[in-house]
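What follows is a set of notes on a single structure, which appears directly below.
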Amino acid sequence: MAKKLSRKFYSRPALKVAKELLGKYLIRKIGRQKLVGKIVETEAYIGPKDRASHAFLGKVTPRNKTEYLEGGHIYIYLVYGMYWQMNITASKAGKPECVLIRALEPLNKVEPHSTDGPGKLCRWLKLNKSFDGEDLTKSKRIWLEDRGEEIKRSRIAASKRIGIDYALEWAEKPWRFYIKGNPFVSRPRT
DNA sequence: GTACAGATTGAG
DNA sequence: TCAATCTGTACT
């Protein structure tokens, strides 16, 4: 029943993709090993008008150019010199919209709290710069699946995004989505 | 060539 | 609540 998410799924506004990514499964293959996790927390970043986005005002730099790819690619970058952030691009080519994956509920047996934050889940998945620009609809080492799990609207909560206080009024936008009560969601902050 | 920010984390 | 920590980015 597992259905790989198609280009069509990703080629929509980031806000929509961010909400619908909840309850989808991320598959990461490392050699013989297969890591699987359900997405339980995301954040949306909307192109040039979003001050919190790296593509604010349509800036293009070597770092964020993958953010401009059509939906379904990975945009990964380093923060604080030590943590990777995994984003999935959304919308059409040329539109810098993306969705940050903030937390996973792992199906594998793992140490507690090893995927409840964007930096930690990337460490768990062994993601690094080599995944920048990876096409999730074609890659053999990482992709997303729909396993027929429906997350009801009433189980989805929205809050403001994390760690972007510099973004002024954009920091207030309720563009962080997570599954209510899920223990794998990153620790709430105010 | 160099200053500097940073979509976090974990310890206190 | 707060500071460690350090690479890639952006600019000169």
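Just so you know, these numbers use all the heavy atoms, side chains as well, and skip hydrogens, waters and symmetry mates. First the proteins, then the strands, lettered A, B, ... as listed; each starts at 1.
- The one candidate from A:E43, A:M86, A:R161, A:K120 that meets the side-chain contact (heavy atoms from CB on, under 4.5 Å) condition with A:R102 is A:E43.
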Subject >> Dot-bracket encoding of pairs in DNA chain C, which uses [ ] for pseudoknotted crossings and | for another strand, Watson-Crick or G-U under 3.5 angstrom >> reply: ||||.||||||.
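- On the P atoms, B:dA7 is 16 Å away from C:dC11, given to the nearest whole Å.
- Residue A:R102 places at least one side-chain N or O closer than 4.0 Å to OP1 or OP2 of B:dT8.
- Judged by the 6.0 Å and 45° rule, A:R176 forms a cation-pi pair with A:Y178.
- If you measure from atom CD of A:E41 to atom C1' of B:dA7, you get 12 Å, rounded to the nearest angstrom.
- Rounded to a whole Å, the CD1 atom of A:I46 is 16 Å from the P atom of B:dA7.
- Looking at A:D132, its side chain does come within 3.5 Å of a backbone N or O of A:I76 through a donor-acceptor pair.
- Every residue two or more places apart in sequence or in another chain was checked for a side chain to side chain donor-acceptor pair (under 3.5 Å) with A:T42, and none qualifies.
- As rounded to whole Å, 13 Å separates atom C1' of B:dT8 from atom CG of A:D165.
- Looking at heavy-atom distances under 4.0 Å, A:E43 makes no contact with the nucleic acid at all.
- The cationic atom of A:R12 (NZ for Lys, CZ for Arg) does not lie both less than 6.0 Å from the six-membered ring centre of A:Y10 and within 45° of the ring axis.
- The nearest whole Å value for the distance from the CG atom in A:D132 to the P atom in B:dA7 is 16 Å.
- Following rounding to the nearest Å, A:L127 (CG) and B:dT8 (C1') show an atom-to-atom distance of 16 Å.
- In this structure, A:H54 has its ring center under 6.0 Å from that of A:Y77.
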**OP:** Would you give a per-nucleotide map of nucleotides 6-12 of chain C, 5' to 3', where B means the base has a protein non-hydrogen atom under 4.0 Å away, S means only the sugar-phosphate does, and - means neither?
**Re:** BS-SS--
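- Remark: the A:E105 side chain and the A:T115 side chain contain no N/O donor-acceptor pair separated by less than 3.5 Å.
- Salt-bridge formation is detected for the pair A:D135/A:R7: a Lys NZ or Arg NE/NH1/NH2 atom is positioned less than 4.0 Å from an Asp or Glu carboxylate oxygen.
- Regarding A:Q85, its CD atom lies at a distance of 18 Å from the P atom of B:dA5, rounded to whole Å.
- In this structure, A:P13 and A:S91 have side chains that are not in contact, with every pair of non-hydrogen atoms separated by 4.5 Å or more.
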